[in-house]
Amino acid sequence: EQVGAIGSVKAEDLQKVPSPSLENLLQGRIAGVDVTNLSGSPGGGGSKVTIRGFSSLNQQGANDGTPLYVVDGVPVANDPQNMGGINALAGLDPSSIESVQVLKDAASASLYGSRAGNGVILINTKKGKEGKTEVSISSSIEVMTPIMLPEFQNTYGSIGDKSWGPKLATPSTFEPRKFFNTGTNMMNSVTFSTGNAQNQTFVSAAQTEAEGLIPNNAYYRYNVGVRNTAKFAKDKLHLDVSGNFIRQGNRNMIAGGGYFNPLVGLYLMPRSLDYRDVEAYERYNPARGIYEKYQPYSEQADSYFSENPYWVANRELFLNNKKRYMMSASLKYEILSWLNISGRVRLDNDYGTKEEKLYASTTNFLVGWKPEFGPHDKGYYSIGNSKDEQTYADIMLNMNKNFGEDFSLTANLGSSYNDRYSTSLSAGGYLFRLPNLFSAANFDPQIGGSGQGYSRAKNVAVFGSAELGYKGMLYLS
């Protein structure tokens with residue numbers, strides 16, 4: 001029994017308002033849980049979840065404020081930096097979730113050790129239902145449009161590097177709102193549930209396709225999952241087996257800041273310009289035989305880079321794709337009515353690819369191009385592959401017994417094993433022979449770089465706890 005500050009959300013509440021990601025469903029539903037979309041992009045995945053605020057001024061590593069995620073009783077890996085900026089919740093299919101509990105205080109989170117220092121989010125997935133067969137089909141679409149934008153004046157303009165200047169002879173008709181698209185989130189899912197007293201099966205499949213408010217911003221996710229629960233040996237032996245496959249990715253998950261952000265150029269653009277002229281963001285350069293950025297005003301305003309926003313959105317590309325396999329099994333044997341032994345194992349493997357493509361004529365500072373390298377850059381390309389594998393297993397002896405009407409004893413003794421293995425390989429550099437040919441074979445051999453990462457952490461633990469209760473009102477732990 002868990003005692004402490006706990007918030008929960010049931011399946012029926014999760015399904016009232018369809019959402020492409022579980023973290024968005026949690027927003028505003030549990031006191032003390034804050035969900036912040038870091039990118040403003042569709043489909044989720046770029047969100048930051050914190051419980052009762054940050055616990056440390058050092059927002060790095062274990063102190064980054066990220067809670068521990070536990071799915072069906074087993075902790076799962078969550079390292080957004082190694083997962084293309086995508087957190088653990090983003091990969092889960094909301095239609096397969098039965099309930100969510102949030103452990104917010106130290107007493108509750110202590111059940112999961114030091115990794116739970118930022119709180120715990122417990123996720124229980126759906127099982128097959130006994131005595132009935134059900135098929136559920138769901139389809140929904142979410143439409144997004146900007147509600148509030150900065151207020152712009154149309155009286156003063158400039159041909160320099162500011163959005164304001166001398167008074168215009170004719171007021172500007174430039175409307176930044178026209179830069180934004182109508183964002184869409186399309187979500188489709190189908191679930192199948194069947195079972196009898198001895199065996200229950202649940203199968204789910206889901207698809208999410210999203211287009212953001214900012215041009216060329218997109219997200220996709222495909223989920224397939226199956227879970228089977230069964231009883232044997234006169235209902236004393238319980239088996240629970242599940243498997244999930246997730247494929248997801250995004251393009252240009254725009255974050256805040258002055259670099260690679262089209263909103264900077266959009267808002268600082270001289271008000272005297274015609275947005276229809278700037279919308280044709282590239283023009284053909286016959287001398288180089290390529291299309292280059294069209295920039296009819298200075299690309300730097302003070303310390304900011306005010307690039308053509310349409311160029312930033314379409315020719316400064318950041319792509320993330322990943323595949324994730326999650327498999328788990330648990331076995332529990334009821335030795336006595338008040339004593340059982342259980343064992344669990346979970347494999348969680350994640351494979352990701354990240355790419356960065358900066359087309360020729362992108363601002364030299366952002367590309368890293370220097371005048372001594374030559375008169376023109378031909379573009380920049382980087383690619384990285386990452387592998388993150390986690391194996392978790394535990395075995396526990398559990399006791400829950402009443403002694404007469406006054407006393408009760410709840411105790412457990414067990415051991416756990418956690419093996420986290422991560423590798424990464426990356427290469428990047430300036431394009432050498434042909435502009436905008438994004439290939440490692442086109443890297444400049446004199447100017448470039450590569451990197452490789454490796455980490456492995458194993459944790460073997462022995463744990464035990466006991467709680468003696470008296471008349472359901474006094475407890476000694």
Side-chain angles (χ1 to χ4, degrees), residues 1-2 6 8-12 14-15 69-76 92-101 111-112 120 122-136 189-206 223-245 325-348 391-403 408-418 463-467:
E1 182 180 356
Q2 296 167 343
I6 301 176
S8 62
V9 182
K10 299 294 185 183
E12 52 268 24
L14 295 174
Q15 295 172 0
Y69 297 102
V70 179
V71 178
D72 294 329
V74 180
V76 300
L92 301 179
D93 173 18
S95 66
S96 66
I97 303 301
E98 181 65 32
S99 64
V100 179
Q101 287 185 309
L111 297 169
Y112 295 93
V120 181
L122 302 176
I123 302 167
N124 297 310
T125 60
K126 293 180 179 178
K127 302 178 182 179
K129 295 183 179 180
E130 180 182 333
K132 60 172 66 175
T133 298
E134 294 181 344
V135 177
S136 174
S189 67
V190 56
T191 63
F192 171 78
S193 173
T194 188
N196 52 40
Q198 300 303 120
N199 191 82
Q200 303 86 39
T201 301
F202 180 83
V203 181
S204 65
N223 295 77
V224 178
V226 60
R227 185 177 184 184
N228 192 83
T229 54
K231 300 176 184 178
F232 308 94
K234 298 181 180 179
D235 294 347
K236 287 189 173 184
L237 189 62
H238 303 260
L239 177 66
D240 189 340
V241 180
S242 67
N244 290 274
F245 171 71
Y325 307 86
M326 296 185 291
M327 294 163 282
S328 65
S330 68
L331 192 64
K332 183 173 75 171
Y333 182 70
E334 304 283 351
I335 303 172
L336 299 169
S337 60
W338 49 270
L339 184 67
N340 69 74
I341 186 171
S342 65
R344 299 178 299 188
V345 62
R346 182 183 184 91
L347 304 178
D348 187 351
T391 302
Y392 176 89
D394 63 29
I395 184 169
M396 287 186 290
L397 182 66
N398 305 290
M399 174 184 177
N400 190 351
K401 184 173 177 60
N402 293 320
F403 298 92
S408 64
L409 178 63
T410 301
N412 63 64
L413 178 66
S415 177
S416 66
Y417 170 83
N418 189 43
F463 54 87
S465 68
E467 184 176 79

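Just so we're clear, the structure is a prediction, and the values are computed from it rather than from any experiment.
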For this session: State which residues pass side chain to side chain contact (heavy atoms under 4.5 Å, CB included) with Thr194; sequence neighbours excluded, sorted by chain then number.
Result: Thr133, Phe192, Thr201
For this session: Find out whether Asn244 and Asn223 are in side-chain contact, i.e. whether some heavy atom of one side chain is under 4.5 Å from a heavy atom of the other.
Result: no
For this session: Could you list the residues that satisfy salt bridge (Lys or Arg N to Asp or Glu O under 4.0 Å) with Lys236, not counting sequence neighbours?
Result: none
Exercise. Got a sec, which residues hit side chain to side chain contact (heavy atoms under 4.5 Å, CB included) with Lys234, two or more places apart in sequence or on another chain?
Worked result: none
Exercise. Is there side-chain contact between Phe202 and Thr191, with heavy atoms separated by less than 4.5 Å?
Worked result: yes
For this session: Report the residues that fulfil side-chain hydrogen bond (donor to acceptor under 3.5 Å, both in side chains) with Asn412, sequence neighbours left out, ordered by chain and then residue number.
Result: Ser465
Exercise. Which residues satisfy the side-chain hydrogen bond (donor to acceptor under 3.5 Å, both in side chains) test with Ser328, sequence neighbours excluded?
Worked result: Ser242
Exercise. When you look at Glu98 and Lys127, which way does the salt bridge (charged side-chain N to carboxylate O under 4.0 Å, His left out) test go after all the steps?
Worked result: CA-CA 8 Å; Glu98 181 65 32; Lys127 302 178 182 179; over 6 Å; no
Exercise. Does Leu409 reach the side chain of Phe403, with side-chain heavy atoms less than 4.5 Å apart?
Worked result: yes
Problem set entry | Minimum heavy-atom distance between Asn199 and Ala230, given as atom pair plus value | OD1-CB, 3.4 Å
Exercise. Who pairs with Glu130 by salt bridge (Lys or Arg N to Asp or Glu O under 4.0 Å), at least two apart in sequence or on another chain?
Worked result: none
Exercise. Asp72: what forms a side chain to side chain contact (heavy atoms under 4.5 Å, CB included) with it, not counting sequence neighbours?
Worked result: Asn124, Thr125, Arg227
Exercise. Any idea which heavy atoms bring Arg346 and Met326 closest together, and the distance?
Worked result: NH2-SD, 3.3 Å
Exercise. Between Ser193 and Gly128, what is the shortest heavy-atom contact and its length?
Worked result: OG-CA, 3.4 Å
Exercise. What residue pairs, at least two apart or across chains, pass side chain to side chain donor-acceptor pair (under 3.5 Å) with a residue in residues 329-340?
Worked result: Asn340-Asn398
Problem set entry | Minimum side-chain heavy-atom gap Gln198-Phe232 below 4.5 Å | no
Exercise. Looking at CG of Asp235 and CG of Leu237, how far apart are the two atoms once the value is rounded to the nearest 0.5 Å?
Worked result: 10.0 Å
Exercise. Is the closest side-chain heavy-atom distance between Met396 and Ser342 below 4.5 Å?
Worked result: yes
For this session: Could you give me the CA-CA distance, side-chain angles and deciding distance for Glu134 and Lys129, then say whether side-chain contact (heavy atoms from CB on, under 4.5 Å) is met?
Result: CA-CA 8 Å; Glu134 294 181 344; Lys129 295 183 179 180; 3.6 Å; yes
For this session: Could you list the residues that satisfy side chain to side chain contact (heavy atoms under 4.5 Å, CB included) with Ala393, not counting sequence neighbours?
Result: Val345
For this session: Would you indicate whether the side-chain heavy atoms of Ile123 and Val70 approach each other to under 4.5 Å?
Result: no
Problem set entry | Partner set under ring-ring contact (aromatic ring centres under 6.0 Å, His included) for Phe463, not counting sequence neighbours | none
Exercise. Asn196: what forms a side-chain hydrogen bond (donor to acceptor under 3.5 Å, both in side chains) with it, not counting sequence neighbours?
Worked result: none
Problem set entry | Considering all heavy atoms, the nearest Leu92-Pro94 contact | O-CD, 3.2 Å
Exercise. What do the steps show when you test Glu467 against Thr410 for side chain to side chain donor-acceptor pair (under 3.5 Å), and what is the final call?
Worked result: CA-CA 5 Å; Glu467 184 176 79; Thr410 301; 5.2 Å; no
For this session: Please report the C-alpha distance between Leu397 and Leu339 in whole Å, then the side-chain angles of each, then the deciding distance to 0.1 Å, and finally whether the side-chain contact (heavy atoms from CB on, under 4.5 Å) criterion is met.
Result: CA-CA 7 Å; Leu397 182 66; Leu339 184 67; 4.0 Å; yes
Exercise. What pairs with Ser189 under side-chain hydrogen bond (donor to acceptor under 3.5 Å, both in side chains), at least two apart in sequence or on another chain?
Worked result: none
